[in-house]
Each structure stands twice: as structure tokens, then as C-alpha cells.
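Start at 1 and go down the list; that is how both ligands and their atoms are numbered. Computed from a predicted model, the values in this text were never measured in an experiment. Only heavy atoms go into these numbers, but all of them, side chains included; no hydrogens, no water, no symmetry mates.
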Amino acid sequence: TNKIMRKINFSAGPSALPEEVLNEAAAEMLDCNGTGQSVMEMSHRSKAYEPIIAECEALVRELLAVPENYKVLFLQGGASTQFAMIPMNLKKNGKAAYINTGVWSKKAIAEAKKYLTVDVLATSEDKTFSYIPKVEPIVGDYDYLHYTMNNTIMGTKWAYIPEAKRPDGSEIPLVTDASSCILSEPLDISKFGVVYAGAQKNLAPAGVTLVIIREDLIPETMPVENTPTMLQYKIHADAGSMYNTPPCYTIYMMGKVLKWIKKNGGAEGMAKRNQEKADLFYDYLDNSDFYHATAEKGSRSLMNIPFLTKYDGEEATAINKKFVAEAAAAGLVNLAGHRLVGGMRASIYNAMSLEGVKALIAFMDKFAKEN
Ligand code: PMP
């Protein structure tokens, strides 16, 4: 038999999936549960498919302890479509608060501006988004407050949940983009109005966006005239994410990944595993005179760790290129930083093992000595 040579994959998304999950999917490729069909070939309204989406939703609810009064939706169009759906559905008075912590926040802000007035109440752009600003409790007449919980490109993560209320003391719903940190650690869903996440990092292959939304925030009639049917939360909530054909296979894969998370200790288990990996890697970077992390302490992501070497300018460009190429030759792939920021980035989502991080450090040590 041919031995399959798997790479150690540091991709920021789509990202490595647990090997166990891939093997299971492979075993069921031609015949899932005695149906004689691949899940790819099943009607989404069939008896065979029904339990697949139901189980996936049940696992989301269990692993994130989703309260009863929240809907769990499986949507398409990526997290990017949520940038528009949020303002289109949550608009009331017509003003929303946003915090700008990087590229994805900016995109969310730009999209929201098409539908309502946006107040950007804090930004970390002054230091190229290398930190999360300290936001004092917000008071204002806002329909919601939006922030990006984990900044995939800059490698920062909110270490706290911001607070916001209206002048009359009533709550302002919190909306967060958790695309690159969902289920990497426990999250108190009850503190949020909407939590959304593209699945292609911690949950599944690309193709589905998980949206967890408090029921009272789903409007009966759309505040924005002529909102396309597909962009209305109510349509999807009322139809159990089956208004049209859902991304059936991706949801099936998400169910398998969630089972793997459950088997490995759930959100707490992931937090422990991720903290151990991140501590090891940051500790290595902080004690190196060749490499350094770009995100500030106190704002660092457990999932995406951008780093640079001691070189500057053109020398840096050359050494980064060399690093990425030699790492790939050593079986450590997808380590180039995002095209907008350069350098290197190791994305170490749930599926990355501690051994994978150790292998990266061993390579980095060797590379530093040689360069
Ligand atoms: N938000 C964050 C934090 C992301 O990392 C990404 C994708 N990398 C997006 C939004 C955009 O997601 P999608 O490609 O699913 O639209």
C-alpha cells in the first residue's frame, strides 16, 4: 500500500481538519450508513439526510451551551455575507457601533455603511492593528455593537467582552465575527445577540457559515426595503436552514468535526489544547533573538500567530521567502503571512496538534542557526 504523506498544515483557512474526521468521511464516501449513497448525492429533504443536519445543530447547541431562545442557522455566502445581513436585519434606529481591529472589521464596516450610519468607536489602526483597544463601556443609541473577536490576519484576539448600553439603560445587542476562533475555547453565547463564523477554519470545509442569533433580533418585516429573500434571517430560521438547498456535505463534515471536538473535551478541552500550543509558540518567539511575534501581549490570538525575523526591508523579503520555501520542503506548509502584511503566520486551529507546533519550532531553530 502507498503510504500517504500528510503535510503539517498551517493554513489560515480553509484549514487542516482532524485526520480522524477525514478518514471517517473517506470510509463513508461511497456508502453512508447503508444508504448506498454518498452524502454528496442525497436529497437534503431525505430521511437519510435529516438526522445529519439535526445532529450537527444539536452538537453546536451542546458544545457552545446555546440558550433555548437562540436559533442556530447554517447559511451560505461566507462570513462576508454576514457583513451585509447584520445591518440589513438588525437596523432599527439606523445607527450602529463598530470597533475596527483589522481587515475583516473594515470590510464589515464598509458593508454596514451601505445600510446605516456607522460610528467607529475605537480602532487599533495607529499601530497596524497589533493590539485590541481598551474600550470603555459604550453608551449610545445604537442598534448593535459589532466587533471581530479574533483577527485572523493580524493575530489578535479580544481578551474581554465589550459592554454597551443605550442611554435609557437597555441593552445594545453585541454582534461578533468569531470566524477564526469559534469553539477554540468556551464562549458565553448569552452575552451576544449574534455570533457568526465561516466554518472553514475550526469547524468544517468551506461552504457554510454558522450563525447563532437570539430570536428576538430576527425581524418579522425587513427594515431595509427589497432585501433579497436569501438575506433575511427569518426565512432561514423558519425553514430550519432548509429554505433552499443547504451546503449538505459541509454540514455533514461539521457534524463530524463537532463530534471530534466533543470527544476531545469540548470547548474546554480545545481551550486547554490551544493554550498549550500557543504558549509554547509565543514563548519560543519571545525568547528568540532571530524571530519575534507582531501582536502585543494581552491581545494575542491563540489561533493565528504572525511573526517576523530580525531582518528589515529587502533582506526581510528575501529571508521570508526562503523561510516559507524551506519550511514547505520540510513538510510544513502554508506559513506565508497574509498578502497584505507579509512576514510569516502560523495558524494553529483546533486540528493542529502540539506535535505539529513542536515540529515547526524545531524547523525554525534550525533555520535561525543557518541564517
Ligand atoms: N472574518 C474573519 C475574521 C475571517 O478570518 C474571514 C476569512 N478569512 C472572513 C471574515 C471572511 O470569511 P468568508 O471568506 O467566509 O467570507
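For K366 and E326, the salt-bridge test fails: no basic side-chain N is under 4.0 Å from an acidic carboxylate O.
Among all protein heavy atoms, the one lying closest to atom 1 (N) of ligand 1 is D177 OD2, 2.6 Å. For atom 6 (C) of ligand 1, the nearest non-hydrogen atom of the protein is W104 CE2, 3.5 Å. Of all protein heavy atoms, the one lying nearest to atom 16 (O) of ligand 1 is S80 OG, 2.6 Å. In this structure, atom 3 (C) of ligand 1 lies nearest to the protein heavy atom T152 OG1, 3.3 Å.
Cation-pi geometry between K95 and Y142 is satisfied (NZ or CZ under 6.0 Å from the ring centre, within 45° of the ring normal).
Residue N150 touches ligand 1 through its backbone alone, judged by heavy-atom distances below 4.0 Å. Residue contacts with ligand 1, taken as heavy atom pairs separated by less than 4.0 Å, involve A79 via backbone and side-chain atoms alike. In K201, the part holding a heavy atom less than 4.0 Å from any atom of ligand 1 is the side chain. By the criterion of a heavy-atom distance under 4.0 Å, neither the backbone nor the side chain of Y196 is placed next to ligand 1.
Of the listed residues (K259, K263, K256), just one forms a side chain to side chain donor-acceptor pair (under 3.5 Å) with E20, and that residue is K263.
Nearest heavy atoms, C248 versus H44: SG-CB, 3.6 Å.
Of all atoms in ligand 1, listed by their number and element, those nearer than 4.0 Å to a heavy atom of G78 are 15 (O), 16 (O). Near F83, with a cut-off below 4.0 Å to any heavy atom, the atoms of ligand 1 are 10 (C).
Close N/O approach between T148 and ligand 1 is not found [any backbone or side-chain N/O within under 3.5 Å]. Polar contact with ligand 1: absent for S180 (N/O pair, distance under 3.5 Å).
Residues F363 and L335 fail the side-chain proximity criterion, which asks for heavy atoms closer than 4.5 Å. For the pair N89/L217, no side-chain contact is recorded, criterion being any heavy-atom separation below 4.5 Å from C-beta on. Within the 4.5 Å cutoff, no side-chain heavy atoms of T101 are placed close to those of Y147. Side-chain contact between M154 and V103: present, with at least one pair of heavy atoms (C-beta onward) separated by less than 4.5 Å.
To the nearest 0.5 angstrom, L285 atom CG is 10.0 Å from L280 atom CG.
The closest approach between a heavy atom of Q200 and any atom of ligand 1 is below 4.0 Å.
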